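Here is the structure we will look at.
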Amino acid sequence: MTDSAQQQIQDVLNAYARACDTRDFDKLAQLVTDDVEIEREDGVHRGKEAFLRVYHQLLGDPEVWSKHLIVNVDVRVDGDSAEVGSYFQAPMDKDGQGTIVFGEYADRFRRIDGRWWLSRKGIRIQRIFRADVLR
């Protein structure tokens, strides 16, 4: 693995978190392959449209506030593919009802024409805490 590959993948993860939190679904679409998969508790959703539909349902309400934090990123590159594991924390608020979601991502990336793309997003929620929203 080169530092360049690790940094490029980290950049995609950072852009993913910001796109989620700013509700920039166009940017989110620019980070993933056309055949992207997302696996959550409700099953596997295949293709870019299905991927984006998941995020619209979760984050599309303008009253939802979130801040995705991605840490302990472990990148393992094998040629033009990479397996990436990480932890996430996502505090969220809607109408003063706060939650903090903790879990793990199990992602796959593919390098196409020199650029790294998210090809699979695995989301495993481990804990959800209620939180008082003070501001």
Side-chain angles (χ1 to χ4, degrees):
M1 174 182 66
T2 66
D3 289 334
S4 172
Q6 184 169 358
Q7 184 59 55
Q8 289 173 25
I9 289 168
Q10 183 68 55
D11 290 347
V12 173
L13 289 173
N14 292 343
Y16 161 85
R18 287 191 179 274
C20 286
D21 295 333
T22 60
R23 314 305 183 259
D24 189 343
F25 300 111
D26 291 335
K27 177 64 174 179
L28 201 56
Q30 295 170 7
L31 301 174
V32 301
T33 60
D34 289 338
D35 62 347
V36 65
E37 295 181 350
I38 181 168
E39 182 176 358
R40 305 176 339 142
E41 294 173 343
D42 62 347
V44 178
H45 307 269
R46 291 179 174 84
K48 190 180 285 192
E49 286 183 27
F51 180 88
L52 293 172
R53 193 167 31 257
V54 167
Y55 287 92
H56 275 284
Q57 291 169 351
L58 181 63
L59 301 169
D61 184 336
E63 298 300 315
V64 173
W65 176 93
S66 66
K67 198 62 67 180
H68 285 72
L69 310 171
I70 303 172
V71 299
N72 294 1
V73 178
D74 181 30
V75 177
R76 298 183 186 262
V77 174
D78 183 13
D80 287 332
S81 64
E83 300 284 331
V84 181
S86 57
Y87 298 156
F88 73 88
Q89 176 182 345
M92 302 179 86
D93 171 39
K94 181 179 180 192
D95 301 324
Q97 301 296 312
T99 58
I100 304 173
V101 182
F102 291 88
E104 293 185 32
Y105 290 141
D107 300 333
R108 287 189 198 131
F109 285 77
R110 283 200 316 253
R111 183 170 35 205
I112 302 169
D113 296 328
R115 179 177 166 206
W116 287 97
W117 300 81
L118 180 63
S119 61
R120 183 177 189 284
K121 170 64 82 184
I123 302 174
R124 186 170 148 246
I125 294 174
Q126 296 172 318
R127 295 282 188 276
I128 302 174
F129 295 92
R130 286 191 191 100
D132 291 330
V133 178
L134 303 176
R135 183 179 199 178

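This is a predicted model, so every value here is computed, not measured.
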Worksheet, complete the sentence: Those residues at least two apart in sequence (or on a different chain) that pass salt bridge (Lys or Arg N to Asp or Glu O under 4.0 Å) with Arg124 are Glu104
Worksheet item: With sequence neighbours left out, what residues match Phe25 under ring-ring contact (aromatic ring centres under 6.0 Å, His included)?
Response: His56
Discussion item. So, using side-chain contact (heavy atoms from CB on, under 4.5 Å) as the criterion, who are the partners of Ser86 when residues are at least two apart?
Written reply: Ile70, Val73, Tyr105
Worksheet, complete the sentence: Apart from Ile112 itself, its cluster of hydrophobic side chains linked below 4.5 Å comprises Trp117
Worksheet item: Which value, rounded to the nearest 0.5 Å, describes the distance between Gln8 atom CD and Arg115 atom CZ?
Response: 10.0 Å
Ignoring hydrogens and angles, write down the donor-acceptor pairs under 3.5 Å from the side chains of residues 43-53, residues two or more places apart or on other chains.
residue: His45; atom: NE2; partner: Asp42; partner atom: OD1; Å: 3.2
residue: His45; atom: NE2; partner: Asp42; partner atom: OD2; Å: 3.3
residue: Arg46; atom: NE; partner: Glu37; partner atom: OE2; Å: 3.2
residue: Lys48; atom: NZ; partner: Ala29; partner atom: O; Å: 3.2
residue: Lys48; atom: NZ; partner: Asp34; partner atom: OD1; Å: 3.3

Worksheet item: Would a distance-only check, ignoring hydrogens and angles, find a side-chain to backbone donor-acceptor pair under 3.5 Å from Arg23 to Asp21?
Response: yes
Item to complete: Sorted by first residue and then second, give each ring-ring contact (aromatic ring centres under 6.0 Å, His included) pair with at least one member in residues 61-86; sequence neighbours left out.
Response: none
Discussion item. Other residues, nucleotides and ligands only: do more than 12 of their heavy atoms fall within 6.0 Å of CG on Asp78?
Written reply: no
Review item, side-chain donor-acceptor pairs of residues 9-16, under 3.5 Å, at least two apart:
residue: Gln10; atom: NE2; partner: Asn14; partner atom: OD1; Å: 3.1
residue: Asp11; atom: OD1; partner: Gln7; partner atom: NE2; Å: 2.7
residue: Asn14; atom: ND2; partner: Gln10; partner atom: O; Å: 3.4
residue: Tyr16; atom: OH; partner: Tyr55; partner atom: OH; Å: 2.8

Worksheet entry | Distance (rounded to the nearest 0.5 Å) between Asp26 CG and Leu31 CG | 11.0 Å
Discussion item. Who clusters with Leu134? Use side-chain heavy atoms, under 4.5 angstrom, across I, L, V, M, F, W and Y, and order the result by chain and number.
Written reply: none
Let me have the donor-acceptor pairs involving side chains of residues 92-103, under 3.5 Å, with sequence neighbours excluded, atom names and distances please.
residue: Asp93; atom: OD1; partner: Gly96; partner atom: N; Å: 3.0
residue: Asp93; atom: OD1; partner: Gln97; partner atom: N; Å: 3.3
residue: Lys94; atom: NZ; partner: Asp61; partner atom: OD2; Å: 2.8

Practice prompt. Could you walk me through whether Trp116 and Val77 pass the side-chain contact (heavy atoms from CB on, under 4.5 Å) test, one step at a time?
Written response: CA-CA 11 Å; Trp116 287 97; Val77 174; 4.1 Å; yes
Worksheet item: Ser66 and Cys20: which non-hydrogen atoms are nearest, and at how many Å?
Response: OG-O, 4.3 Å
Worksheet, complete the sentence: By side-chain contact (heavy atoms from CB on, under 4.5 Å), Asp35 pairs with (sequence neighbours left out) Thr33, Arg110
Worksheet item: What is the distance from atom CG of Asp107 to atom CG of Asp74, rounded to the nearest 0.5 Å?
Response: 11.5 Å
Discussion item. One thing to verify: whether Glu39 and Lys121 come together as a salt bridge, which I'm taking to mean a side-chain N less than 4.0 angstrom from a carboxylate O.
Written reply: no
Worksheet item: Under 4.5 Å between side-chain heavy atoms, hopping through other hydrophobics if needed: is there a path connecting Ile125 to Leu69?
Response: no
Fill in: Minimum heavy-atom distance between Arg120 and Ala106, given as atom pair plus value
NH1-O, 3.5 Å
Discussion item. Among residues at least two apart in sequence or on other chains, which ones pass salt bridge (Lys or Arg N to Asp or Glu O under 4.0 Å) with Asp132?
Written reply: none
Item to complete: Please test Phe109 against Val75 for side-chain contact (heavy atoms from CB on, under 4.5 Å), starting from the C-alpha separation and ending with a verdict.
Response: CA-CA 10 Å; Phe109 285 77; Val75 177; over 6 Å; no
Worksheet entry | Val133 with Ile128, same ILVMFWY side-chain cluster at under 4.5 Å | no
Response to the item:
Contacts of Arg18 meeting side chain to side chain donor-acceptor pair (under 3.5 Å) (sequence neighbours excluded), chain-then-number -> none
